[in-house]
Amino acid sequence: VTTSSPEARVRELGLRVPDYSDPPYGGRYGTMKPFHRSGRLLMLSGMTPETRDGTMLHPGRLGRDVTVEQGYAAARLAAVNLLGLVRLALGTLDEVAFVVSTLDFVVTTEDFTDGHLVSEGAADLLIEVFGAEAARATRATIGAMSLSRGNCFEIWATVECRSAAPEEPR
Amino acid sequence: VTTSSPEARVRELGLRVPDYSDPPYGGRYGTMKPFHRSGRLLMLSGMTPETRDGTMLHPGRLGRDVTVEQGYAAARLAAVNLLGLVRLALGTLDEVAFVVSTLDFVVTTEDFTDGHLVSEGAADLLIEVFGAEAARATRATIGAMSLSRGNCFEIWATVECRSAAPEEPR
Amino acid sequence: VTTSSPEARVRELGLRVPDYSDPPYGGRYGTMKPFHRSGRLLMLSGMTPETRDGTMLHPGRLGRDVTVEQGYAAARLAAVNLLGLVRLALGTLDEVAFVVSTLDFVVTTEDFTDGHLVSEGAADLLIEVFGAEAARATRATIGAMSLSRGNCFEIWATVECRSAAPEEPR
């Protein structure tokens with residue numbers, strides 16, 4: 001058990017969290033919004049295991065050309081990217097109260113049945129950063145036919161913040 | 001930038017938004033509910049590119065028998081149908097504050113990796129109607145093995161309303 | 001129309017709802033959390049048609065080695081398991097106000113297009129227990145490439161509770 005803050009743990013772990021303010025998030029996949037806040041909930045767009053220049057980590061299909069270890073690493077990178085979205089939304093990871101849910105998609109063959117071992121890569125990273133109490137989230141892992149650009153993994157997450165979103169004019 | 005209301009834009013665009021009150025929504029896919037309101041959030045059932053008589057637009061599989069342009073058109077129709085659900089829920093599209101999220105499913109071959117170009121058809125339609133500020137939503141696009149009845153696209157959306165749902169007895 | 005409570009209906013129906021407190025939920029699929037409460041919303045982890053010892057009901061693929069009737073039965077079992085998660089979260093099923101949404105995944109062949117007939121098994125069970133008014137939920141049914149361990153069905157559900165979650169220290 002550690003008592004350091006998520007931002008401190010990111011530094012301790014030496015994670016390279018992408019900055020989605022510069023260059024601005026978006027473009028590669030169309031007119032998406034990175035996040036939406038509603039009350040205490042923070043909904044995040046799907047994140048893939050790509051660097052900001054578009055290089056994919058272990059693209060392909062689990063059960064054929066991507067191993068479970070590689071898929072785990074890809075899922076971990078997708079979760080690091082998710083941290084960048086959370087920072088963009090909240091300014092700091094320290095405003096996260098809980099990771100509410102992650103719906104994880106893994107590109108697989110028909111015979112591959114270990115998707116949950118792949119998505120564990122994202123879950124473990126989030127627990128390293130936020131601690132088990134805050135980051136252990138509800139989850140479902142689904143084997144997909146395909147993902148955009150050939151990515152092998154995508155995470156679709158919702159987070160609960162410490163405070164509610166400021167009221168916007170409606 | 002336009003300042004006309006979403007309902008006015010629907011008229012300007014000449015969109016034929018289905019009326020799910022007559023005949024009532026449901027039946028084809030079982031005991032589904034069209035929408036659920038909880039606080040300011042409006043959750044909507046999955047919508048497919050079908051007319052009310054069940055005719056599907058471009059059924060099939062991206063990468064084999066449906067082109068990206070056809071998939072885009074199908075996604076656009078699914079979003080038009082989604083407008084019908086929102087009207088059923090709120091009475092008017094003008095009560096929408098934001099499109100919060102869409103989880104988009106595209107039926108693809110193993111090799112197809114342009115699902116995001118397909119779901120852009122739905123995103124573009126929503127932006128035409130609600131404007132970019134309100135409609136640019138968090139999104140993930142997933143390549144699916146199959147969808148009901150052979151549809152090539154399905155959108156699962158959540159909307160934030162201008163006001164909270166009336167309290168129901170619980 | 002019945003006026004008995006959900007807990008009474010579970011007894012009348014003779015459903016064997018698993019107790020996820022003993023042995024504790026988790027382990028088989030990694031570091032997942034069974035549920036998360038946020039305000040009135042209760043988010044639940046994906047549930048599959050498995051007994052607590054890991055025996056799967058009708059594993060395989062719709063359209064090839066699982067019939068629609070078998071898939072329906074599997075979906076029903078997944079929904080019974082979901083009841084166990086709800087009890088773990090709320091103490092009693094009688095605290096459920098509404099089933100908000102279910103996102104249902106069915107493992108299918110490319111040609112199978114009756115996923116909605118499979119997920120109806122879960123929907124019907126929830127309506128038998130909670131009544132149509134409370135349980136008829138927004139839904140999407142997606143044909144998946146694969147699910148963990150070879151399960152043919154998974155349900156990812158959100159429930160609205162009668163009262164808001166107790167405030168936790170943040």
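Chain letters run A, B, ... following the sequence lines, proteins first, then strands; residues in each count from 1.
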Worksheet, complete the sentence: Nearest heavy-atom approach of C:F130 to C:A135 is CB-CB, 3.8 Å

Discussion item. Please rank B:G46, B:S45, B:G150 by heavy-atom pairs under 4.5 Å with chain C and give me the top one.
Written reply: B:S45

Worksheet item: With no hydrogens and no angle check, do the side chains of C:S5 and C:E7 hold a donor and an acceptor under 3.5 Å apart?
Response: no

Worksheet, complete the sentence: Bottom line for B:L44: the part with an atom under 4.5 Å from chain C's heavy atoms is backbone

Worksheet entry | Residue C:T108 versus chain B: region with a heavy atom under 4.5 Å | both

Worksheet entry | Structural part of C:T109 lying under 4.5 Å from a heavy atom of chain B | backbone

Discussion item. With no hydrogens and no angle check, just 3.5 Å: does a side-chain donor-acceptor pair link C:R139 and C:S101?
Written reply: no

Worksheet item: Of the non-hydrogen atoms in B:R52 and B:P23, which two are nearest, and what is the gap between them?
Response: NH1-O, 2.6 Å

Worksheet item: Which answer fits C:L117, side chain, backbone, both or neither, if we ask what part of it has an atom under 4.5 Å from a heavy atom of chain B?
Response: neither

Worksheet item: If you tally heavy-atom pairs under 4.5 Å against chain B, which of C:V99, C:L103, C:D124, C:L41 wins?
Response: C:L103

Worksheet item: Taking B:G143, B:G39, B:S38, B:A144 one by one, which has the highest count of heavy-atom pairs under 4.5 Å against chain C?
Response: B:S38

Practice prompt. Measure the acute angle between the ring planes of C:F105 and B:F105, then classify it against the limits of 30° and 60° as parallel, tilted or perpendicular.
Written response: perpendicular

Worksheet item: Is B:E110 salt-bridged to B:R64, cutoff N-O under 4.0 Å?
Response: no

